[in-house]
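Keep in mind that the numbers below use all heavy atoms, side chains included, and drop hydrogens, waters and symmetry copies.
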Amino acid sequence: MANILIIDDEKSIRKTLTEILSYEGYKVDEAADGMEGFKMFQAKSYDAVLCDIKMPKMDGLEFLEKAREVNADIPIIMVSGHGNIDTAVDAVKKGAYDYISKPPDLNRLLITLRNAMDKTTLVTETKTLRRKVNKVPEMIGQSSPLLKIRETIEKVAPTDARVLITGENGVGKELVARWLHERSNRAAAPLVEVNCAAIPSELIESELFGHEKGSFTSAVKQRIGKFEQASGGTLFLDEIGDMSLSAQAKVLRALQEGKITRVGGDKEISVDVRVVAATNKDLLQEVDSKNFRLDLYHRLSVILIHVPSLNDRREDVPLLVDSFLDSVCNEYGIARKAIDKDAMKALQNHNWTGNIRELRNVVERLIILSGKTITAEDVDDFVVPNRDKKKVSS
């Protein structure tokens, strides 16, 4: 049942509207002036407000401005017998959902109210979906290395310092990058991710800097690159060690000058980007092998964050397993499965070559293949590869 607040200094109008809306299935509260209505608006959650304009203590337009400061998503419909077109325009400019003259046409009033309710529902659903999509997963664990990473993120994130994240595949480098963005002053702007290893070397420059129409055979229209897309926000260059030397030179220039040039273009475009990079390679070794520029390495590594392998923080395995049991069972729509102590110990002692990504996949496999409780026998049957068992037996 939707909650409606009626604010009007005329008792007869309040009574009439309350009777009509109550008959339509709405739950209605009344206020005799703007001041009383604003107190009720602050104290209770409403789905819509019907508000008169000419009232004592606080008029409707003043209420409108103050109410939108409290919650701009709640539709406010202005209802007045003293209005004209200028008043209506002024009310809508200040954020009113609609304006209705007195005496109100009841059909129009009900249609307007239903439309306002639909808008409120849509706004709420959109915000919920956005939160689900954009929510950054927690960094799970209490090991000393992970606590140090969290502490570093808290110190570094509010700055614009460039960060180089290192670590094996599957350790969670992307998650560290996302938390750096989430805790930064750029959090409201986009986080744009580029997997440098997944893009062919001949296309990486177009991907990063964009291209002009006709700059090469398949360039049938202008393309905006990732640097421009991330302007004002954060650009995450994953697997930076796989970037071609020619692209490295352009990235270095972009970091030095804050400007880029699209492929096939001659116009310099200013970009305001914080760059966070990640790699599973030893970049200094890549420098020695002439595969990576030393000057770019120094530009990227203002702050170094190393994410340890799961084998180096085994004390976090139980916490990670518990979290994955919750999330995977929730995804499958089944009751959460239990895991016995011996099974947990076996997982803790396993050699996690694929790190957290592998652990998550293993937990999902155990949930699918085991009974109500995951046992050590299940771990032995479904986790340890046959080739490893043969080595042990021999």
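Partners of Trp352 by ring pair (Phe, Tyr, Trp, His ring centres under 6.0 Å), not counting sequence neighbours, listed by chain and number: His350. Residues that satisfy the side chain to side chain contact (heavy atoms under 4.5 Å, CB included) test with Glu19, not counting sequence neighbours, are Lys15. Take Phe292 and apply the ring pair (Phe, Tyr, Trp, His ring centres under 6.0 Å) test, not counting sequence neighbours, and it matches no residue.
Within the 3.5 Å criterion, the main-chain N or O of Glu212 finds a donor-acceptor partner in the side chain of Ser215. For the pair Arg162 (side chain) and His298 (backbone), a donor-acceptor distance under 3.5 Å is absent. Using modelled atom types, one side-chain atom of Asp378 and one backbone atom of Thr375 make a donor-acceptor pair closer than 3.5 Å. Between the side chain of Lys337 and the backbone N or O of Ile368 there is no donor-acceptor pair closer than 3.5 Å.
A donor-acceptor pair shorter than 3.5 Å cannot be found between the side chains of Thr373 and Asp340. Between the side chains of Tyr46 and Asp29, at least one donor N or O lies within less than 3.5 Å of an accepting N or O. Side-chain N/O atoms of Ser327 and Asn330 include no donor and acceptor closer than 3.5 Å. In the model, Asp312 has a side-chain atom that pairs as donor or acceptor with a side-chain atom of Ser309 under 3.5 Å.
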Q: Go through the steps to decide whether Asp52 and Asp33 satisfy the test side chain to side chain contact (heavy atoms under 4.5 Å, CB included), and finish with yes or no.
A: CA-CA 9 Å; Asp52 190 17; Asp33 58 64; over 6 Å; no
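Side-chain contact between Tyr99 and Ile77: absent, with no pair of heavy atoms (C-beta onward) separated by less than 4.5 Å. Val275 places a side-chain heavy atom less than 4.5 Å from the side chain of Leu300.
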Anything under 3.5 Å between a donor and an acceptor, one on a side chain of residues 358-367, the other on a protein residue two or more places apart or in another chain? List them.
residue: Glu358; atom: OE1; partner: Thr353; partner atom: N; Å: 3.2
residue: Glu358; atom: OE1; partner: Gly354; partner atom: N; Å: 2.7
residue: Arg360; atom: NH1; partner: Glu364; partner atom: OE1; Å: 2.8
residue: Arg360; atom: NH2; partner: Glu331; partner atom: OE1; Å: 3.2
residue: Arg360; atom: NH2; partner: Glu331; partner atom: OE2; Å: 3.0
residue: Asn361; atom: ND2; partner: Arg357; partner atom: O; Å: 3.4
residue: Glu364; atom: OE2; partner: Tyr332; partner atom: OH; Å: 2.5
residue: Arg365; atom: NH1; partner: Phe382; partner atom: O; Å: 2.7

Give every donor-acceptor pair under 3.5 Å between a side-chain atom in residues 36-43 and any protein atom, sequence neighbours left out.
residue: Glu36; atom: OE1; partner: Ala32; partner atom: N; Å: 3.0

List the atom pairs, with distances to 0.1 Å, where a side-chain N or O of residues 235-243 and a protein N or O form a donor-acceptor pair under 3.5 Å, not counting sequence neighbours.
residue: Asp242; atom: OD1; partner: Lys281; partner atom: NZ; Å: 3.1

